[in-house]
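Below: the structure, in structure tokens.
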Amino acid sequence: MQDPDTSYARWLEGKLSEEELEALQKSGDLESLTAIVHAMDSLELSSLDRGASYERLKKKLPKTSAVAKPTGGARPWLWIILAACTTVALVWYLSTRAKGEVHMAQNGSIENINIYDGTVIQLNDGSTVKYSYGQEDQERLIQLTGEAYFNVQKGAPFIVSTENGSVRVLGTQFNVRAWGEDLYVECYEGSVQVTTSNQEESSVLTPGQAVKIKNTEMRDVQPIRGKLKPEWLAGSSRFVDESLTSVFDELQRQYDVNVEFGGSTQGFSGIFAHDDLEEALRGICLPLGLEWEISEDQKNISVR
Amino acid sequence: MSESICQESTYRSLFEQHAEALRNFMYYKTGNLQGAEDLMHDAFVKLWEKCASVELEKAKSYLYTVAHNLFLNQVRHQKVVLKFEQRRYSDRDTQTPQYLLEESEFKRKLEEAIAALPEGQREVFLMNRIEKLKYREIAERLGLSVKAVEKRMHKALQQLRKISPKL
């Protein structure tokens, strides 16, 4: 015999035995219970305006313990605009339930995109992402140019397609860098499958592994050394034997500057931070014996 | 270089992920929307102060624990007043004024009755009806048995049933 102290609760989940259901119908309580349930279905909590709420929170934060984020500290208005844009975009998306949407992070900023299924995409400077979700259970398709970090909710297959190959996952965290002819994928949680654009090669990455595709040629899987997230999310860019052209391209995106550079066959390995242009240039140029000059308005840089 | 909560981009993404759910959770306990947002903010302030010592993976449970403790410390005799948004239905325009009036009167009574429930019952009832969580999920979140959740739910429905309109 089932517990009568829980019968209403089990009725809601359709778990009453036939006898119990019959007894409930006879008691006449069913009508009033149904009315309550229907009324509750028409109620919802007003949603939180996260952008505005975050601004209110910031006023309450103590100033001292702050290790301010470069863009946030130097240009607080940027965060406000970014927050407003993200919120507006999200609200608009939820209200229209459009099938696809394009997001682009302006140079000098990171954009957070919250999709309604709980998936979060963090988009690096100057990168563009377009997503189109089908009906439930159908594929979630993302087209990416540039770099983004994905925290994917479990569900239908999630596919990131880029110029040089695609990444297919179920629910995980990973970083995709797809500039020019390179594709570089790091896996932080779960597992992902990386395939070249000509479909000829494919690798499965597990947490702590990374793989690079250059001109549709897949390199060996490499370990990523002791880190929880890609560096750019913490305000710096890291390179392992990348061409100087890609390094300066990244510098241009991060600092919103113009770099004049004659070109070189040298490769660069190292890190530069996003909050100090002078320091970043020193870190790149000094080890390679290059000279640099920054224009007075801080907008143009020439490297020799 | 590993990621730290002290980094504003990380801190902010934690806010994006958890702020609303945490605010709602506090709301089910307090029944006060502004107060719930304040408690949520206070928990995030604590997280900022402790950003160097809290691991990223533990941030979520840290936030919930702190918010819950802040709630317990708060003066408990505040009167609970619940206010929900009325979802818009397309057939609303075609309904008679009389029906709409009765409906909003019923909604008001329902909110009062939910506010009058003991905290444990209200929490379970709203998590199930608004958050659409299963009893098992509620049990996990509150650290109760499924049976205990079902009992609270049953009692809540027993109370609320009394205000139901005579159709």
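Scope of the values below: all heavy atoms of this structure, side chains included, with no hydrogens, waters or symmetry mates. Convention: sequence-line order gives letters A, B, ...; per-chain numbering from 1. Since the model is a prediction, treat every value here as computed from it, not as a measurement.
Between Arg282(A) and Glu279(A), at least one side-chain N (NZ, or NE/NH1/NH2) sits under 4.0 Å from a carboxylate O, which counts as a salt bridge. Ion pairing of Glu13(A) with Arg136(B) is absent here, as no side-chain N (NZ or NE/NH1/NH2) approaches a carboxylate O to less than 4.0 Å.
Results of the side chain to side chain contact (heavy atoms under 4.5 Å, CB included) test with Tyr54(A) over Arg56(A), Lys58(A), Arg50(A) single out Lys58(A) as the only residue that passes.
Heavy atoms closer than 4.5 Å to chain A are found in both the backbone and the side chain of Gln158(B). In this structure, chain A has heavy atoms under 4.5 Å from both the backbone and the side chain of Tyr135(B). Heavy atoms of Lys134(B) lying under 4.5 Å from chain A belong to its backbone as well as its side chain. In this structure, chain A has heavy atoms under 4.5 Å from both the backbone and the side chain of Asp38(B).
In the model, Ser237(A) has a side-chain atom that pairs as donor or acceptor with a side-chain atom of Glu250(A) under 3.5 Å.
Considering every non-hydrogen atom in both Phe71(B) and Leu39(B), the closest pair reads N-CD2, 4.0 Å.
When the candidates Met40(B), Lys155(B), Glu57(B), His41(B) are compared by the number of heavy-atom contacts under 4.5 Å with chain A, His41(B) comes out ahead. Highest contact tally toward chain A, considering only Arg152(B), Glu131(B), Glu150(B), Gln17(B), is held by Glu150(B) [criterion: heavy-atom pairs under 4.5 Å].
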